[in-house]
**Q** 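Below are the structure tokens for one structure; questions will follow.
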Amino acid sequence: MNYFSSKKPYFIAGPCGAEDELQLQNIANSFKHIAIDMIRAGVWKPRSKPGHFEGRGEEALKWLSQLKNISSLPICIEVANKEQVELALKYGIDAIWIGARTTVNPFIVQEIADAVKGNQVGVLVKNPINPDIELWSGALERFANAGIDNLAAIHRGFSSYDTMSIYRNKPNWAIPIELKRRYKDIPIFCDASHICGNRELIPMVSQRALDLDFDGLMIETHPNPDQALSDAKQQLTPDQLSQLLSHLIIRKPLSNSSADEIEQIRQILDSMDAEVVDLIGKRMELVAKLGKIKGDNNMPIYQADRWREIVKSRTNWGEKNGLDAEFMLNLFELIHDKSIKTQIHILNELAQDRPAEK
Ligand code: PEP
Ligand code: MN
């Protein structure tokens, strides 16, 4: 059964950690009334420091296998080595997820991929803790190479030193968007709980993910979040989860009439972009000419006054066109950087052509 492409959006929910049998039964019972597609529960919890709740291990696998008497939903747990995979398979777990701290380690990812080879188990690969798309795609490829086609990615945000951030793990949306571009057949889900770190932000991040055409969500859910043994602040009650799902705007594939309108607008955008690129190309030709003059006259390439004046005038022009100063600065930093590189190249060429000084 290919779980992850069976429905869009696909919803995975359940506690951060499996704490006791009653907690799990409680969750499974409440999901009878919520449109959840898979139950999650951490059985081994990777904790930064010792002395915190590290999961109930094999005992929790026994409780999870008993949940089949309450609910027919498939169950997923986190695994971080091959012994954990073997136990998960022994207890009939339907899917495993690879945690952010594991995706960073290609040796362990390969060990887990070898251990699941030939099994029907679903595999979800979380992004690594650092914003490195190659580690993330490398891990997905290791599972694809092991013959796992019940495969999906989970975006759970990236660690950062920024203590002022509103997020626990910054979303850096460009990274999961690029992953989606590379692997159009691998569904990608958003773990809004670990991105947000607090329950208030979860609706906003969940909606953003759906607006960006993510294939589903993973939301930590606990019967009594404030008493949770791990990640208490970012878990929802089943009622809050139900509220969240009922308020989400689910984007639909294009209707015919809006498809026509979108197509027309896209054609205009295409021709505008062609003009922009043409202009930037012409601008670079002039920059090259300027570089030659500067080189012939032994002038420095970079002139701070000129750069200051560019930033000032362009941000003013931007403001008049509804474009904010930060955007204008980013745009002209890119253009200016390319101009400097073009001129350095010309100066180097001129230097090579000059006869060596005696
Ligand atoms: C979790 O899902 O509870 C977890 C530990 O996730 P992550 O690997 O994203 O930190
Ligand atoms: Mn958690």
Side-chain angles (χ1 to χ4, degrees), residues 4 10-19 23-24 27 36 38-50 52-57 60-61 64 75-81 84-85 88 93 95-105 108-109 112 122-133 135-136 139-140 143 152-160 165 167-172 175-176 179 188-199 201-202 205-206 209 214 216-237 240-241:
F4 309 127
Y10 191 85
F11 294 123
I12 304 173
C16 176
E19 298 171 2
Q23 171 220 32
L24 296 173
I27 282 292
I36 294 304
M38 182 176 270
I39 300 179
R40 64 150 281 154
V43 161
W44 295 280
K45 299 300 308 166
R47 309 312 300 273
S48 300
K49 291 195 179 139
H52 294 270
F53 173 63
E54 290 186 340
R56 305 285 189 215
L61 288 174
L64 287 170
I75 294 171
C76 70
I77 65 161
E78 173 172 354
V79 295
N81 59 39
Q84 294 176 356
V85 172
I93 292 297
I96 55 170
W97 84 79
I98 309 304
R101 293 159 193 77
T102 305
T103 309
V104 291
N105 186 333
I108 301 283
V109 172
I112 297 173
V123 177
L124 296 145
V125 181
K126 290 205 180 194
N127 65 256
I129 44 181
N130 54 325
D132 181 343
I133 192 168
L135 275 174
W136 199 4
L140 285 162
F143 286 102
I154 301 185
H155 170 228
R156 51 78 78 195
F158 303 90
S159 287
S160 107
S165 172
Y167 300 107
R168 175 176 177 197
N169 292 294
K170 289 194 172 178
N172 289 358
I175 296 179
L179 194 85
I188 176 159
F189 304 145
C190 175
D191 171 353
S193 306
H194 287 88
I195 290 178
C196 298
N198 71 73
R199 62 183 71 97
L201 283 178
I202 290 176
V205 168
S206 302
F214 274 59
L217 299 173
M218 179 185 256
I219 308 285
E220 286 187 332
T221 311
H222 190 288
N224 192 353
D226 289 331
Q227 304 304 316
L229 301 181
S230 56
D231 289 349
K233 289 195 199 132
Q234 67 189 36
Q235 304 204 56
L236 301 184
T237 62
Q240 288 167 333
L241 177 68

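Numbering of ligands and ligand atoms starts at 1, following listing order. Just so you know, these numbers use all the heavy atoms, side chains as well, and skip hydrogens, waters and symmetry mates.
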**Q** In terms of residue, atom name and distance, what is the protein heavy atom nearest to atom 3 (O) of ligand 1?
**A** Lys45 NZ, 2.7 Å

**Q** Please give me the protein atoms (N, O or S only) lying under 2.8 Å from the Mn ion (ligand 2), ordered by chain and number.
**A** Cys16 SG, His194 NE2, Glu220 OE2, Asp231 OD2

**Q** Given the rule in the side chain to side chain contact (heavy atoms under 4.5 Å, CB included) test, do Ile98 and Phe143 qualify, once you have shown the distances and angles that lead to the verdict?
**A** CA-CA 11 Å; Ile98 309 304; Phe143 286 102; 3.7 Å; yes

**Q** How about Val205 and Pro171: do any of their side-chain heavy atoms sit closer than 4.5 Å?
**A**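 Counting from C-beta outward, Val205 and Pro171 never come under 4.5 Å.
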
**Q** Which atoms of ligand 1 have any heavy atom of Cys16 under 4.0 Å away?
**A** 3 (O)

**Q** One residue to check: Met218. Relative to ligand 1, which of side chain, backbone, both or neither has a non-hydrogen atom less than 4.0 Å away?
**A**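 Met218 to ligand 1: no contact under 4.0 Å from either part.
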
**Q** Report, in ascending order of atom number, the atoms of ligand 1 lying under 4.0 Å from any heavy atom of Glu220.
**A** 1 (C), 3 (O)

**Q** Ignoring hydrogens and angles, state whether a donor on the side chain of His194 or Asp231 is under 3.5 Å from an acceptor on the partner side chain.
**A**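 Short answer, yes.
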
**Q** Could you tell me whether Arg40 and Glu220 have a side-chain N and a carboxylate O separated by less than 4.0 Å?
**A** yes

**Q** For Gly99, counting its heavy atoms only, list the atoms of ligand 1 lying under 4.0 Å from any of them.
**A** 8 (O)

**Q** Would you mind running through ligand 1 and noting each atom that sits below 4.0 Å from a heavy atom of Glu78?
**A**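 Near Glu78, the atoms of ligand 1 are 4 (C), 5 (C).
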
**Q** For a quick test of reading the model, state the closest non-hydrogen atom pair linking Pro225 to Thr237 and the distance between them.
**A**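 For Pro225 versus Thr237, the nearest heavy atoms are CD-CG2, 3.5 Å.
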
**Q** Counting N and O atoms only, with roles assigned by atom type, does the side chain of Asn127 sit under 3.5 Å from a partner on the main chain of Gly157, one being a donor and the other an acceptor?
**A** yes

**Q** Within the distance-only criterion (no hydrogens, no angle test), does the side chain of Thr103 pair as donor or acceptor with the backbone N or O of Trp136 below 3.5 angstrom?
**A** no

**Q** Would Asp231 count as a polar contact of ligand 1, with the cut-off being nitrogen or oxygen pairs under 3.5 Å?
**A**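 N/O-N/O distance below 3.5 Å does not exist for this pair.
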
**Q** With a 3.5 Å distance limit and no angle check, can you tell me whether Gln234 reaches the backbone of Ile202 through a side-chain donor-acceptor pair?
**A**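 Not a single qualifying donor-acceptor pair exists.
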
**Q** Just to confirm my output: which protein heavy-atom neighbour is closest to atom 8 (O) of ligand 1, and how far is it?
**A** Ala100 N, 2.8 Å

**Q** Considering only the protein, which heavy-atom contact is closest to atom 9 (O) of ligand 1, and what is its distance?
**A**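 It is Arg156 NE, 2.6 Å.
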
**Q** Please list the nearest protein heavy atom to atom 4 (C) of ligand 1 with its residue and the distance rounded to 0.1 Å.
**A**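 For atom 4 (C) of ligand 1, the nearest protein heavy atom is His194 NE2, 3.5 Å.
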
**Q** Taking distance alone, with no angle check, do Lys126 and ligand 1 share an N/O pair under 3.5 Å?
**A** yes

**Q** Once you round to the nearest 0.5 Å, how far does CD1 of Ile219 lie from CG of Leu241?
**A** 7.0 Å

**Q** Where the side chain of Glu19 meets the backbone of Leu229, is there a donor-acceptor pair that is under 3.5 Å apart?
**A** yes

**Q** Has Arg156 got a side-chain atom pairing as donor or acceptor with Ser193's backbone, closer than 3.5 angstrom?
**A**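 Not confirmed, Arg156 side chain does not pair with Ser193 backbone.
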
**Q** Do any N or O atoms from the side chain of Lys45 and from the backbone of His52 form a donor-acceptor pair under 3.5 angstrom?
**A** no

**Q** In ligand 1, which numbered atoms sit nearer than 4.0 Å to a non-hydrogen atom of Arg40?
**A**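 Within the 4.0 Å cut-off of Arg40, ligand 1 contributes 1 (C), 2 (O), 3 (O).
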
**Q** Atoms of ligand 1 less than 4.0 Å from Arg101 heavy atoms?
**A** 7 (P), 8 (O), 10 (O)

**Q** Is any side-chain heavy atom of His222 less than 4.5 Å from a side-chain heavy atom of Cys16?
**A** no

**Q** Under 4.0 Å from a heavy atom of Trp97: give me the atoms of ligand 1 that qualify, with their elements.
**A** 1 (C), 2 (O)

